[in-house]
Every structure is written in C-alpha cells, then in structure tokens.
Amino acid sequence: MSDNISKMPIILIGNSFKYEIEATVKLFFPTDRFDFLSSADEVCGDSYVAAGLSENADSALIFADIRLNGDDAEHLEKQLSCTTVSDKSTVERELCRLVYTILCRKTGIKPPWGILTGIRPVKKVVDLIRLGLSEEQIYDRLGEQYDVSKPKMKLAYDTAVNQLPILDKIDSKAVSLYVSIPFCPTRCSYCSFVSHSMDSAIKLMPEYIAALCRELEIIGRLVKDTETKIDTIYFGGGTPTSISADELRTIMETVEKNFDLSAVREYSVEAGRPDTITEEKLRVIKELGAKRISVNPQTLNDDVLRVIGRKHSGEDAIKAFELARKVGFDNINTDLIAGLPTESAESFRNTLDKMTELSPESITVHTLTIKRSATLFENGKANSDNPAAEMVDYSIQKLMSCGYLPYYMYRQKNTVDNLENVGYAKKGFESYYNIFIMDETQTILGAGCAASTKLVYPDGKISRIHNYKFPYEYIRNFNTLMEKKAEAEECLRILKNE
C-alpha cells in the first residue's frame with residue numbers, strides 16, 4: 001500500500017469476520033489503519049481487501065479480491081460444503097486463508113506463524129497433545145490448517161511439552177493474586193501499558209496506596225470467607241520498585257496480613273528497571289516473602305537505551321542483577337526485547353551473551369510490538385524495518401544451548417516480523433504465574449489500577465472484571481469498583497463446591 005493512503009479499505013461482504021480478517025491483513029501491514037466497508041462501491045483509492053461469503057441452501061462460496069497500489073486485482077474463491085458451512089470457525093479460517101494466500105503472493109511476505117493470529121499458539125498444541133496426537137501429526141495439523149513454518153511449530157511444541165508437567169498439577173480451585181503498581185520513572189518509547197511517570201503521579205501516591213491496600217483487604221476477606229487457597233502472587237506494573245521501600249513494605253505487609261501465604265508456590269515481584277532497584281527495596285521484597293524477581297534491562301546497549309527513553313546504562317543493569325544476588329535472590333528473571341530501534345543484530349547478540357554469562361534462572365525474550373498508544377507508533381514503518389527475526393533466531397539457539405528451555409509464549413498484534421514473546425527457564429525455574437495466565441485454567445484476582453480479574457469457572461467459562469485504568473479514576477470510583485467483587489465471590493464459592 002502506498003504511503004499517501006491513510007487507511008486501507010477492508011470490505012466485508014456477507015460476513016462479520018472483522019476481527020480475524022483484520023488480524024490477517026495486519027500480518028502484512030502491521031502499522032496501517034483500516035476502513036471497514038460493506039460494499040466495493042464505497043472504495044476510494046488504489047488498494048483494498050475484499051472478503052466475501054455467499055451462502056445458499058446446501059453450500060457456500062467464499063472469495064477474496066485484493067488490489068494493492070493500483071496493480072491488477074487478484075481473485076480467489078472456494079466452495080464449501082453444507083457440513084463445513086455449519087462450522088463458523090472453519091468458514092472464518094478458510095476465508096482468512098484466501099486473503100492470506102493472495103497477500104503472500106502480492107507482498108512477497110511469508111509470515112512465520114502463517115494465519116495463526118491468536119495470542120496463545122501453545123494452547124492449541126497442548127490441546128492436540130492431550131488428544132493423543134504425535135509430534136508429527138501436530139506438525140501436519142498446524143501446517144495444513146494454518147501454514148505455520150516448521151521452526152515455529154517446533155518452538156510451540158517444545159514449549160507445550162515443558163508446560164504440561166506444570167499444567168497437569170494445577171489446582172483449579174486455587175487462585176493467583178496480581179497486584180498492580182502502575183508507575184515508572186519515565187515512559188519508554190515502546191510502552192503501551194497503562195503506566196504513569198513518578199513525576200505526574202507523586203501527588204496521588206498516598207491515596208493510591210491506601211486504596212490498593214483497602215482492595216487487598218477486601219479480596220483477602222473474600223478468599224478467607226470462601227476458604228480459597230492462594231497459589232501464586234505476582235507484583236507487576238509499571239515498575240513496582242518505582243515506589244519507595246517504605247511504600248513497598250506497606251503493600252507487601254498488607255498482603256501478608258490478609259492472605260495465608262503458607263501454600264503459595266510462587267511469589268514474584270517485577271523489580272523491573274535497574275534505575276529503581278536499591279538494596280533496601282530488595283531486602284524488603286525478600287523479607288516479606290517474594291522469592292522470584294525480574295531485573296529487566298531490555299538491552300545492554302547504552303545508545304539504544306537512550307533512544308527508547310531509559311535513564312540507566314547497561315552497566316547499571318548488571319550492577320542491579322549482582323546486587324540482587326548479593327541480597328540472596330536465587331530465582332531471577334531478566335527481560336530482553338528483540339528489534340528495539342537502532343539495535344543491531346550484533347549488539348543484541350552481545351546483550352544476550354552477557355546475560356547468559358550472568359546466568360539468571362530465566363530469560364524472557366520479547367519482540368518489539370508497535371502499539372498505537374506507544375510513541376514508536378508515530379514512526380511505525382521505520383521501526384518495523386530491523387533485524388528482529390535474526391535476533392529471535394539467535395536467542396532460540398543460544399538459550400537452548402545454555403540449558404534454558406522455552407516454557408511459555410504469547411503473541412501480540414503489531415509485532416515486528418509477526419514474531420513472538422517467549423519465556424525460557426532453567427529446569428525447575430519456570431514461572432507458574434506466567435503459564436497459568438497464558439493457559440487460562442486458573443482464576444486470577446487482580447488488585448490495583450488497570451488490574452484485571454479473570455474468573456475461570458469449572459465449565460470453562462471465563463469472565464473478566466477490569467479495574468479503572470488511571471489512578472485518579474481508581475481512587476475516585478473505588479466504592480463502585482468494589483461492588484463488582486460480588487461476581488468474584490460467586491465464582492470462588494462455585495470453585496469451592498465443585
């Protein structure tokens with residue numbers, strides 16, 4: 001599509017498969033915007049994607065017509081049987097495949113995950129393993145239905161195999177607790193999370209912490225009244241260590257007072273950005289029960305750190321890691337990002353090599369995702385032209401050779417080169433919380449601004465309760481928000497009696 005066209009028209013004819021058709025087109029145009037139309041007559045410009053469905057009594061015809069930058073339109077169609085037509089998910093997948101096939105030809109792009117656009121590719125593999133399919137049969141299925149490349153099939157399969165022993169021991173009646181501290185020293189240019197700089201949030205901090213502790217007390221009562229066991233605890237954000245050691249102590253002591261921690265299998269705190277980590281904060285975290293932390297440099301290249309808006313150096317990140325070891329943490333995760341602006345393949349390799357020398361228990365390799373709410377989106381096309389795929393390929397080879405195994409994975413829209421985010425861990429150091437949130441088989445109770453509660457019922461139904469995104473909304477509407485806890489209590493009682 002030419003740069004002077006602000007929006008690509010997507011025409012949906014006889015169907016409402018907006019989400020999946022858009023996701024398929026975004027595999028090829030990750031930073032473009034789209035207009036959704038119902039007729040080709042509304043099209044202006046020299047590019048469009050049309051996806052159609054025409055049904056009759058005993059069959060249906062699906063078709064795709066695509067034109068890019070004024071070239072000749074290409075048409076593909078397929079006749080579907082009445083049996084297939086009754087399965088809407090199959091019709092949707094087959095229609096997306098027609099769109100995908102034309103776009104592959106016209107753009108020369110071959111997405112490594114094919115038309116598999118969901119967040120949780122490993123979940124599909126886990127389900128197939130549990131159905132008794134062999135590795136070869138699973139590869140055949142993923143290739144035939146989704147056109148997934150062989151390397152990505154293997155990565156998904158290996159991740160599923162490493163997850164299964166943990167998933168098989170999950171306690172579906174227990175719950176996890178997520179605590180949100182949505183503040184950062186500054187906002188990174190790639191960030192799309194609802195996080196707030198300390199400069200702008202400092203006045204709200206006392207009220208926010210008081211409200212968060214009140215919510216933790218309310219959730220604690222629900223958990224106690226329903227005799228629910230807490231399985232894992234995760235402090236995220238933002239950067240939880242953005243706040244002071246005393247403020248962190250206040251929140252963690254509230255958790256300790258309101259929840260029985262004796263059965264907790266994993267307690268994690270994202271220490272996150274190295275410029276927020278102090279010995280005092282680390283000692284508070286360790287003293288109050290968290291045994292797993294994250295130190296997240298993203299890169300050790302100082303020039304790249306400046307470009308993305310970080311105020312620390314690569315050496316600061318190494319010192320923060322070493323400080324955590326000194327304090328006594330023996331379960332440390334580090335996060336890296338492949339594809340950061342101005343990062344070369346060589347500098348990414350240097351970062352990963354140095355991190356493996358430090359030997360953290362787990363390393364998560366994210367791929368740059370260009371979200372609309374992130375600063376980088378303004379120059380999205382330029383940021384999408386980088387060697388992210390080369391970096392990711394190196395990380396798979398390097399980490400596995402150093403004894404790290406892939407144990408959880410997720411994908412996002414607008415990810416450079418249509419790649420993935422993968423957590424690698426030494427055997428026995430896999431994060432239960434990360435696996436549970438991806439597999440969606442355990443209820444997660446969220447506390448704090450922008451936190452989300454995910455209620456997983458025994459029949460597989462999932463219900464979500466979202467807290468307000470901004471601290472001032474969370475504080476102002478706190479009582480209204482707490483009224484939603486009735487649904488959480490109902491779910492916990494159902495789980496207990498199952």
Exercise. Report the C-alpha separation of Arg349 and Glu390 in whole Å, then their side-chain angles, then the decisive distance to 0.1 Å, and conclude whether the salt bridge (charged side-chain N to carboxylate O under 4.0 Å, His left out) test is met.
Key: CA-CA 10 Å; Arg349 288 195 298 269; Glu390 184 179 347; 3.4 Å; yes
Quiz item: Taking it one step at a time, do Lys291 and Asn331 satisfy side-chain contact (heavy atoms from CB on, under 4.5 Å)?
Solution: CA-CA 7 Å; Lys291 293 184 169 55; Asn331 189 354; 5.6 Å; no
Quiz prompt | Met355/Leu300 under side-chain contact (heavy atoms from CB on, under 4.5 Å): CA gap, chis, key distance, verdict | solution = CA-CA 9 Å; Met355 294 314 299; Leu300 297 180; 3.9 Å; yes
Quiz item: Minimum heavy-atom separation for Thr239 to Ala271, with atom names?
Solution: CG2-O, 3.4 Å
Quiz item: In terms of heavy-atom contacts, does CD of Glu346 have more than 12 from other residues, nucleotides or ligands at under 6.0 Å?
Solution: no
Exercise. Before giving the answer on salt bridge (charged side-chain N to carboxylate O under 4.0 Å, His left out), spell out for Lys319 and Asp316 the whole-Å C-alpha distance, their side-chain angles and the decisive distance to 0.1 Å.
Key: CA-CA 5 Å; Lys319 288 178 179 177; Asp316 291 335; 5.3 Å; no
Quiz item: Would you say Pro387 and Tyr394 make side-chain contact, with heavy atoms under 4.5 Å?
Solution: no
Quiz item: Does the side chain of Pro458 come within less than 4.5 Å of Leu495's, by heavy atoms?
Solution: yes
Practice problem: Report yes if the side chains of Pro341 and Leu368 come closer than 4.5 Å at any heavy-atom pair, otherwise no. | Solution: yes
Quiz prompt | Heavy-atom closest contact (Asn418 atom, Lys26 atom, distance) | solution = OD1-O, 4.3 Å
Self-check item: Polar contact flag, side-chain donor to acceptor under 3.5 angstrom, Asp246-Ser244
Solution: no
Quiz item: What pairs with Asn479 under side-chain contact (heavy atoms from CB on, under 4.5 Å), at least two apart in sequence or on another chain?
Solution: Arg214
Quiz item: Does Arg411 use its side chain to pair, donor to acceptor, with the backbone of Leu116 at less than 3.5 Å?
Solution: yes
Exercise. Taking the six-membered ring of Phe429 (Phe, Tyr or Trp), confirm whether the NZ or CZ of Lys426 is under 6.0 Å from its centre and within 45° of its axis.
Key: no
Quiz prompt | Distance in Å, Lys454 NZ paired with Cys491 SG, rounded so as to fall on 0.5 Å steps | solution = 12.5 Å
Self-check item: Qualifying residue, where the test is side chain to side chain contact (heavy atoms under 4.5 Å, CB included) with Phe436 and the options are Val456, Ile166, Thr443
Solution: Ile166
Self-check item: salt bridge (charged side-chain N to carboxylate O under 4.0 Å, His left out) involving Glu343 - partner list, sequence neighbours excluded
Solution: none
Quiz prompt | OG1 on Thr241 to CZ on Arg273, rounded to 0.5 Å | solution = 9.5 Å
Quiz prompt | Worked verdict on Glu361 versus Arg325 for salt bridge (charged side-chain N to carboxylate O under 4.0 Å, His left out) | solution = CA-CA 11 Å; Glu361 283 60 46; Arg325 284 287 195 232; 3.0 Å; yes
Quiz prompt | Which atom of Thr364 lies closest to which atom of Tyr408, heavy atoms considered | solution = CG2-OH, 3.9 Å
Self-check item: Value rounded to 0.5 Å, distance of CG in Asp275 from CZ in Arg310
Solution: 7.0 Å
Self-check item: Any donor-acceptor N/O pair, Asn421 side chain to Thr367 backbone, under 3.5 Å
Solution: yes
Practice problem: Spell out, as yes or no, whether a donor-acceptor pair under 3.5 Å connects the side chain of Asp302 to the backbone of Gly314. | Solution: yes
Self-check item: Lys/Arg N to Asp/Glu carboxylate O, Glu287 vs Arg283, below 4.0 Å
Solution: no
Exercise. Could you tell me which non-hydrogen atom of Gly272 sits nearest to which non-hydrogen atom of Ile277, and how far apart they are?
Key: O-CD1, 4.1 Å
Quiz item: Yes or no on salt bridge (charged side-chain N to carboxylate O under 4.0 Å, His left out) for Lys286 and Asp330, after CA distance, side-chain angles and deciding distance?
Solution: CA-CA 11 Å; Lys286 192 168 188 298; Asp330 57 9; over 6 Å; no
Quiz item: Is a donor on one side and an acceptor on the other found under 3.5 Å between the side chain of Ser242 and the backbone of Phe183?
Solution: yes
Quiz item: Can you find a heavy atom in the side chain of Val264 that is under 4.5 Å from one in the side chain of Phe259?
Solution: no
Exercise. Find out whether Thr228 and Lys173 are in side-chain contact, i.e. whether some heavy atom of one side chain is under 4.5 Å from a heavy atom of the other.
Key: no
Quiz item: Can you check whether Val122 reaches Met438 side chain to side chain, under 4.5 Å on heavy atoms?
Solution: no
Quiz item: Relative to the ring of Tyr474, is the ring of Phe478 parallel (under 30°), tilted (30 to 60°) or perpendicular (over 60°)?
Solution: perpendicular
Self-check item: Expected output: side-chain Asp439 to main-chain Ile435 donor-acceptor under 3.5 Å
Solution: no
Quiz item: Side chains of Gln442 and Tyr432: does their closest heavy-atom pair fall under 4.5 Å?
Solution: no
Quiz prompt | Glu266: partners by salt bridge (charged side-chain N to carboxylate O under 4.0 Å, His left out), with sequence neighbours left out | solution = none
Quiz item: Does the side-chain contact (heavy atoms from CB on, under 4.5 Å) test come out yes or no for Glu279 and Lys326, once each step is laid out?
Solution: CA-CA 9 Å; Glu279 183 169 345; Lys326 172 190 168 185; 3.4 Å; yes
Self-check item: Closest approach of Leu216 to Ala447 (non-hydrogen atoms, all atoms of both residues)
Solution: CD2-CB, 3.8 Å
Quiz item: Counting only heavy atoms not in Ile462, do more than 12 sit closer than 6.0 Å to its CD1 atom?
Solution: yes
Quiz item: Who are the salt bridge (charged side-chain N to carboxylate O under 4.0 Å, His left out) partners of Glu489, not counting sequence neighbours?
Solution: Arg493
Exercise. Could you tell me whether a side-chain N or O of Thr369 sits under 3.5 Å from a main-chain N or O of Asn414, the two making a donor and an acceptor?
Key: no
Exercise. Tell me, please, which residues at least two apart from Glu227 pass salt bridge (charged side-chain N to carboxylate O under 4.0 Å, His left out).
Key: Lys496
Quiz item: Once you round to the nearest 0.5 Å, how far does OH of Tyr178 lie from CD1 of Ile233?
Solution: 13.5 Å
Practice problem: For Lys485, look at atom NZ and say whether over 12 heavy atoms of other residues, nucleotides or ligands are found less than 6.0 Å away. | Solution: yes
Practice problem: State, to 0.1 Å, how close Glu420 and Thr415 come at their nearest heavy-atom pair, and which atoms those are. | Solution: N-CG2, 4.5 Å
Quiz prompt | Contact check, side chains of Thr441 and Ser172, non-hydrogen atoms, under 4.5 Å | solution = no
Exercise. List the steps and the verdict of side-chain contact (heavy atoms from CB on, under 4.5 Å) for Tyr208 and Ile475.
Key: CA-CA 6 Å; Tyr208 178 77; Ile475 294 164; 4.2 Å; yes
Self-check item: Glu135-Tyr139 side chain donor-acceptor pair, cut-off 3.5 Å
Solution: yes
Exercise. Rounded to the nearest 0.5 Å, what's the gap from CG on Asn333 to CD1 on Ile293? Could you check?
Key: 9.5 Å
Practice problem: Give the ring-plane orientation class for Tyr234 versus Tyr433, where under 30° counts as parallel, over 60° as perpendicular and anything between as tilted. | Solution: parallel
Quiz prompt | Note: Lys124-Asp127 ion pair, threshold 4.0 Å (strictly below) | solution = no
Quiz item: Who passes ring pair (Phe, Tyr, Trp, His ring centres under 6.0 Å) against Tyr407, sequence neighbours left out?
Solution: none
Quiz item: Hey, what do you get for CG (Asn477) to CE (Met482), rounding to the nearest 0.5 Å?
Solution: 10.5 Å
